[in-house]
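To start, the structure itself, in structure tokens.
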Amino acid sequence: MSPTPVRFHDPRATLSDFASSVLVRCPRCARIAHFERRPCTPRDADRMSRPHTRLVCRSCGLCRIGAGAGHSSRYSSACSCPDLWLRTGTRHGELWAYNLQHLDLIRRFVAADLRERAPWYDTGQKMTLVARLPAWIKSAKNRDEVLRAVDRLRATVITPG
């Protein structure tokens, strides 16, 4: 009797669900840093607080806080740090993730033998993060290589260096 397959059910997460907290490379010391974006929150009945971003590096103590009406690029100009920490190349393409939760979702999807999506008649977003993954990540023949890359990325966060 064969073992039961590992199941993955699409949680319907989108990339924006993971974009508020990102692990990046520190612009000062090139080690791991944390970048977070906080949205507008109501302060009074009349006014909304402005969105702000924060970049914090525990290695060198860098702390940059930016506030503004909007974000012109992927990162705020006050916290310009475009280099993702969780990024590695494979022979098929580049694998990247915003944070450990994003990386865990990719790992659970790739490791699963049975990948379930919501039914077509179920209302909601159809093109989730899992649906938008490149075909080479979804392919079963690349499963071992992608899982090794995910494990390498996870190890850089647990033991930076």
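Counting from 1, the numbers follow the sequence of the chain as shown.
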Taking [X] for its side chain and [Y] for its backbone only, find out whether a donor-acceptor pair lies under 3.5 Å.
{"X": "Asn99", "Y": "Leu23", "result": "no"}
{"X": "Glu36", "Y": "Ala19", "result": "no"}
{"X": "Asp17", "Y": "Thr14", "result": "yes"}
{"X": "Arg115", "Y": "Val110", "result": "yes"}

Between atom [atom1] of [X] and atom [atom2] of [Y], what is the distance when rounded to the nearest 0.5 Å?
{"X": "Trp136", "Y": "His92", "atom1": "CH2", "atom2": "NE2", "result": "7.5 Å"}
{"X": "Arg54", "Y": "Ile65", "atom1": "CZ", "atom2": "CD1", "result": "6.5 Å"}
{"X": "Ile32", "Y": "Cys26", "atom1": "CD1", "atom2": "SG", "result": "11.0 Å"}
{"X": "Arg37", "Y": "Ser20", "atom1": "CZ", "atom2": "OG", "result": "8.5 Å"}
{"X": "Ile106", "Y": "Leu147", "atom1": "CD1", "atom2": "CG", "result": "11.0 Å"}
{"X": "Thr128", "Y": "Asp10", "atom1": "OG1", "atom2": "CG", "result": "3.5 Å"}

Whether His102 and Phe18 hold their rings parallel, tilted or perpendicular, with breakpoints at 30° and 60°: parallel

So, are [X] and [Y] salt-bridged, with charged N and O less than 4.0 Å apart?
{"X": "Arg107", "Y": "Asp151", "answer": "yes"}
{"X": "Arg148", "Y": "Asp144", "answer": "no"}
{"X": "Asp113", "Y": "Arg143", "answer": "yes"}

Could you walk me through whether Leu95 and Leu153 pass the side chain to side chain contact (heavy atoms under 4.5 Å, CB included) check? CA-CA 9 Å; Leu95 178 68; Leu153 289 174; 4.3 Å; yes

Quickly, which of Leu84, Thr53, Leu55 forms a side-chain contact (heavy atoms from CB on, under 4.5 Å) with Val22? Name it, please.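 One option only clears the test, and that one is Leu84.
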
Go through Phe35 and Val24 one step at a time and tell me if the side chain to side chain contact (heavy atoms under 4.5 Å, CB included) criterion holds. CA-CA 7 Å; Phe35 177 84; Val24 296; 4.1 Å; yes

Could you walk me through whether Arg154 and Asp104 pass the side chain to side chain contact (heavy atoms under 4.5 Å, CB included) test, one step at a time? CA-CA 9 Å; Arg154 179 177 291 282; Asp104 181 56; 3.9 Å; yes

With the 4.5 Å side-chain cut-off for hydrophobic clustering, are Val56 and Leu86 part of the same group? no

Glu94 side chain near Thr88 side chain, heavy-atom distance below 4.5 Å: no

